[in-house]
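Throughout, protein chains are lettered first and strands after them, A, B, ... in sequence-line order, and every chain is numbered starting at 1.
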Amino acid sequence: MKGISDNELMQKVKSGDIDKLGLLFERHKKMLFGYFYKLTGSQSTSEDLVQNVFYKILKYRTKFRHDGKFLPWMLAIAHNASMDHFQKNKKYALDESYEWKTIDGANIDEQITKEEKLRQLKTAMSKLSPDKREILILSKIHGLRYKEIGEMLKCTENNVKTKVFRALRDLKELYTAIEN
Amino acid sequence: MIMAKKDFEKRILEFLDGSMSEEEKKDFLENLNQYGYEKEEILELRELNKDIADFPVPEPSEEMSQRFHSMLEHAKYEKQFNSQGIQSLIDVLAKIFTSRIAFNPAFFVIIIPISIAFGMWISSNAIYDKKINNMSSEITQMKEVMMLTMLEQPSATERIKAVNLTNDLNEVDEKIIHALVKTLNSDPNVNVRLVTIETLYHYAENPIVREELIKSIALQDSPLIQIALADIMVALQEKKSIKEFNKLLEKKDLNDAARGKILKTIDKLI
């Protein structure tokens, strides 16, 4: 049901109909969980962070601007939550227990190759700094534009594009080094 | 026409994102060498870019949704609780004044003396103040009971909410302080203990709270809590804590980051 937009729902939450936050949660919980999971590699930490983001949305609902867009606003809160998490825990690498889900629909050989590739990619990702890791993850979120990422991270659209490209290039170097 | 290398990097991104037309792609790949890139290198980047998007992510647990909905229920309850008194009076008045009865002349014969009497009653400050005081003390008592009950819940989120409820209280009595200290020293969840430290810090002007925070230092095993307490002791400039920090330093299994933080804290306090 996409009849009512995220922004309209958030306006309702802002004006006191906090029940509508439930709909926003259902719409975005998976994407937000994925964002945190790719950043931290921990299921429980990611679930705590999702809870934290929605708690903040509720707490600061009156700060949502009338002309604002919900997705970048929510991701800006998520970005701050992840930065706080890394700062508090002083741990920037992905969780050691990061487990890759089995890839469906592939034969055993393809599956092993793909899993090996993903494991190497995970190792390379964990060696990237959190800001580079984050910008790569953000750039893959469906519906989020470079311009909006720029607003979130307080930099220009062009700057975001350059950062994404450079993060990708660094990741490639790390990945190649691991592969060899 | 040759573009700047930085601009070309943006073109590469457009290629990787798949936002180029077939003709643009062809043109882009043909001109790669001019900017010092190999076709193979760019195709590998595209593959990698795709793999990041396809990272497998597990499903979030059902518990995550349950926790959110319980938080929402709690917020709704609090909102209703805060506005119920005033709102119900407004509702009653709105119902009366918008009903048919309000257009009946007899209504005014009745409502005018009632209004005068109500006005006199409300202007009697002593009675009014007393009523308000009674009401707010009842609300405080209810919040206290709610907080103490929620602290006993098995869910860590509920216990965090319980600790946060304290922030709504204007004053905390000994019973609440005792409950918070007990939580700080014995709750199995680190997040609950961290929130409790922050809350107790708000009441650090109270000498009992200060003393309990200091005593708690040697009882904590988690480096996160040890570091949080170290930060608070520096903020409070509490020299009495040095003795407790020294006790921690004697522990052989003390985390390195916590040890470093404690040593710095002692330096700042001396």
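Atom CZ in B:R67 sits 13.5 Å away from atom OH in A:Y55 (nearest 0.5 Å). Between atom CG of residue A:N52 and atom CE of residue B:M71 there is a gap of 9.5 Å, rounded to the nearest 0.5 Å. For the atom pair CG of B:N191 and CD of A:Q51, the computed distance is 11.0 Å after rounding to the nearest 0.5 Å. Atom-to-atom distance recorded for B:D51:CG and A:K122:NZ is 15.5 Å, nearest 0.5 angstrom. Distance NZ/A:K140 to CG/B:N49: 4.0 Å, rounded to 0.5 Å.
Highest contact tally toward chain A, considering only B:A156, B:S61, B:P223, is held by B:S61 [criterion: heavy-atom pairs under 4.5 Å]. For the set B:E73, B:E44, B:E63, the count of heavy-atom pairs under 4.5 angstrom toward chain A peaks at B:E44. Between chain B and the residues A:L58, A:D48, A:V50, the largest count of heavy-atom pairs under 4.5 Å involves A:D48.
For A:E47, the parts lying near chain B are the backbone and the side chain together; criterion is any non-hydrogen pair under 4.5 Å. B:L16 touches chain A through its side chain: at least one heavy atom from C-beta onward sits under 4.5 Å away, while N, CA, C and O do not. For B:S65, the parts sitting under 4.5 Å from any heavy atom of chain A are the backbone and the side chain alike. Proximity to chain A (any heavy atom under 4.5 Å) is restricted, for B:I12, to the side chain, taken from C-beta onward. Within the 4.5 angstrom heavy-atom criterion, only side-chain atoms of A:Y146, from C-beta onward, approach chain B.
The existence of a salt bridge linking A:K30 and B:E59 is confirmed by a sub-4.0 Å separation between a basic side-chain nitrogen and an acidic carboxylate oxygen.
Residues satisfying the ring-ring contact (aromatic ring centres under 6.0 Å, His included) criterion with A:Y35, sequence neighbours excluded, are absent altogether.
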Residues 255-262 of chain B, side-chain donor-acceptor partners within the protein, below 3.5 Å, at least two apart:
unit_1	atom_1	unit_2	atom_2	d
B:N255	OD1	B:A257	N	2.7
B:N255	OD1	B:A258	N	3.1
B:R259	NH1	B:L249	O	3.0
B:R259	NH2	B:K251	O	2.9
B:K261	NZ	B:D231	OD1	2.7

Side-chain donor-acceptor contacts of residues 148-160 of chain A below 3.5 Å, not counting sequence neighbours, with atom names and distances?
unit_1	atom_1	unit_2	atom_2	d
A:E148	OE1	A:R145	N	3.1
A:E148	OE2	A:K69	NZ	3.1
A:T156	OG1	A:N159	N	3.0

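Counted within 6.0 Å of NZ on B:K161, heavy atoms from surrounding residues, nucleotides or ligands total more than 12; the atom is thus considered enclosed. In A:K56, the NZ atom is crowded: over 12 heavy atoms of neighbouring residues, nucleotides or ligands sit closer than 6.0 Å.
Contacts of residues 161-171 of chain A with chain B at a heavy-atom distance below 4.5 Å involve A:K161, A:T162, A:V164, A:F165, A:R166, A:L168, A:R169, A:L171, listed in sequence order.
Nearest heavy atoms, B:P60 versus A:Q43: CA-NE2, 3.9 Å.
Using a 30° and 60° split on the angle between ring planes, A:F25 and B:F68 fall in the parallel class, below 30°.
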